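Remarks on the structure that follows.
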Amino acid sequence: MTLPIAWADAREAVFEAGSAVASSPVPVPLVESDGLTLAEPLTTLTALPAFPTSSVDGWAVRGPAPWQIVGRVLAGDHAEPLTADGTCVEIATGGMVPEGTRFVVRTEDSTVEGQRVVSGEPRKIPDWRLTGEEAALGEELLPAGTPITPGVIGLAAACGYDTLLCRPKPRSALLVFGDELLTDGVPGGGRVRDALGPSLPSWLRRAGTDVVHHRAPVADTLEDHVAALRAAVNSGAQVICTTGGTMHGPVDHLHPALAEMGATYIVNTVAVRPGFPMLVAQLPGGQFVAGLPGNPQSTFVALVSLVLPLLAGLTGRAQPAHSTIKLGADIPGRGDYTHLALVRRDPLDGMGYPVAHAGSSMLRGLANSIGFAIIPPGGRGLAGTPALLVPLPILDGERV
Ligand SMILES: Nc1nc2c(c(=O)[nH]1)N[C@H]1C(S)=C(S)[C@@H](COP(=O)(O)OP(=O)(O)OC[C@H]3O[C@@H](n4cnc5c(N)ncnc54)[C@H](O)[C@@H]3O)O[C@H]1N2
Ligand code: MOO
């Protein structure tokens, strides 16, 4: 029997295996880059702003009042210098402030005589933005490995990027094993509904992959397991997630199928509860197989424990960070194993509470949880103290 490895070591092993074969950078147009990963630092191509910019509608003035109007600068115009004291130009918000300007006087703080001469008072805080106020030329704004979000895309556009050098989303496949699984209707008579086939693709997309192949269920024979894995390889998937069959029961064929395909284990059983039979192996062609245990909650323990670090490595991101949450109730440990305990965040006190109905075969607790509190080996979680948390890949707004 294989000895389970420590949970933290398992995460590190798959992260490193993924990082070793991280996808090659490709230039991607800004509007298509959401959800991808920066392959190089986002560095300014010019100072920001690139030129002194008026932040109000008004007058750019030189010398003491009154000022003779000698021109007009709209946003987008190139401003000629103001060369003489006692002159000004009308300026629009976003207009380039002419060289020689002493102040920008707001429209509402000024009077104009005969459409030619302006008087007025500048405010104490200058009403224009200096070159480089937001960022200097060549300054690194974000490191390589940053997930690209709409905020990153906007910043890149403001800097003058047309494309970003990105690591693409890994392509994934899902194979659901189990003859007992019904794909429709009400469970009974020994059959259960397949709860993973319909839900895991969405979880995988939230985790940052493109799901390119999906088969549920795969029959409980070695031949069909091998055929399904081969089809997943042929689909171009880099990460093949399987569910069920990770143990060594009469119809658990994952290990024999991996052996038949010449796979090498990166992680094979982990000292974590629930979900310990989880595994990650690599096929001779380089594809990863993530074997997620069939008990549905254990599937998700394996998703956050192994698949997320693997995807992070493949995209050149950092190992997913844990967050922290103050516990609202005690959580028991699981001896020498790490205990990943589903918690929900209470909307009133903000604390993490273990959920009811959190057995490894149940999904009721998971549906309103934010993630798993990490109870380390030999420890237990105490109410009122902070615990580390592995978040589920849920989107903002999907939980309180
Ligand atoms: N002799 C032992 N048996 C088991 C042990 C053990 O230590 N010794 N560990 C148990 C643990 S822990 C887990 S977890 C499971 C892992 O089993 P497999 O990965 O081989 O999964 P299956 O046997 O195929 O299924 C387990 C369970 O989950 C249900 N299932 C599977 N797929 C789905 C699905 N898509 N939707 C809904 N439910 C699913 C399946 O019907 C079984 O009830 O092994 C234990 N056994
Ligand atoms: O991996 Mo199992 O979930 O501990 O039931």
Side-chain angles (χ1 to χ4, degrees), residues 1-7 10 173-204 211 214-222 224-225 228-229 240-259 265 267-281 289-307 331-342 354-355 357-367 369 372 374-375 377 390:
M1 194 185 138
T2 318
L3 282 178
I5 73 163
W7 182 73
L174 173 62
L175 305 177
V176 175
F177 299 147
D179 284 344
E180 76 279 28
L181 303 175
L182 288 170
T183 51
D184 55 22
V186 180
R191 313 280 307 271
V192 293
R193 271 297 295 274
D194 170 19
L196 301 173
S199 62
L200 261 179
S202 300
W203 285 104
L204 287 168
V211 184
H214 178 190
R215 194 172 151 212
V218 173
D220 278 334
T221 64
L222 178 57
D224 207 26
H225 277 51
L229 284 167
I240 302 164
C241 295
T242 65
T243 65
T246 57
M247 287 296 293
H248 302 278
V251 290
D252 290 334
H253 297 296
L254 179 58
H255 291 275
L258 290 173
Y265 289 104
V267 163
N268 183 6
T269 75
V270 179
V272 63
R273 293 280 176 167
F276 77 93
M278 65 180 71
L279 64 91
V280 170
V289 178
L292 316 179
N295 273 329
Q297 197 203 130
S298 304
T299 308
F300 293 99
V301 171
L303 180 82
V304 300
S305 298
L306 300 183
V307 179
I331 300 180
R334 290 291 191 94
D336 294 342
Y337 282 44
T338 299
H339 180 197
L340 290 195
L342 275 178
V355 295
H357 312 289
S360 67
S361 64
M362 300 177 186
L363 287 174
R364 187 170 167 182
L366 187 108
S369 295
F372 298 90
I374 306 170
I375 311 302
V390 201

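Start at 1 and go down the list; that is how both ligands and their atoms are numbered. In this text the structure is predicted, and so the values were computed from the model without any measurement.
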Between [X] and ligand 1, which part of the residue brings a heavy atom under 4.0 Å of the ligand: side chain, backbone, both or neither?
| X | result |
| --- | --- |
| D252 | side chain |
| D194 | both |
| S298 | side chain |
| L254 | neither |
| P296 | side chain |

I'd like to know if atom 10 (C) of ligand 1 has any protein heavy atom within a distance of less than 4.0 Å.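 Within 4.0 Å of atom 10 (C) of ligand 1, no protein heavy atoms are found.
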
Any protein heavy atom under 4.0 Å from atom 1 (N) of ligand 1?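 It does not; no protein heavy atom is within 4.0 Å.
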
Quick check, are the ring centers of H225 and F177 under 6.0 angstrom apart?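 Yes.
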
Location of contacts on P293 toward ligand 2, heavy atoms closer than 4.0 Å: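 The answer is neither; P293 stays 4.0 Å or more away.
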
May I ask you to identify the nearest protein heavy atom to [atom], giving residue, atom name and distance to one decimal place in Å?
| atom | value |
| --- | --- |
| atom 19 (O) of ligand 1 | T246 OG1, 2.5 Å |
| atom 24 (O) of ligand 1 | G245 N, 3.2 Å |
| atom 14 (S) of ligand 1 | N295 ND2, 3.4 Å |
| atom 36 (N) of ligand 1 | A195 N, 3.0 Å |
| atom 12 (S) of ligand 1 | F276 CE2, 3.5 Å |

Of the listed options ([options]), which comes nearest to [atom] when hydrogens are ignored and any heavy atom counts?
| atom | options | value |
| --- | --- | --- |
| atom 28 (O) of ligand 1 | P198, S360, G294 | G294 |
| atom 37 (C) of ligand 1 | R193, E180, H248 | R193 |
| atom 5 (C) of ligand 1 | R191, M247, H255, R273 | M247 |

Can you say whether the rings of Y337 and F276 are parallel (under 30°), tilted (30 to 60°) or perpendicular (over 60°)?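 Perpendicular.
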
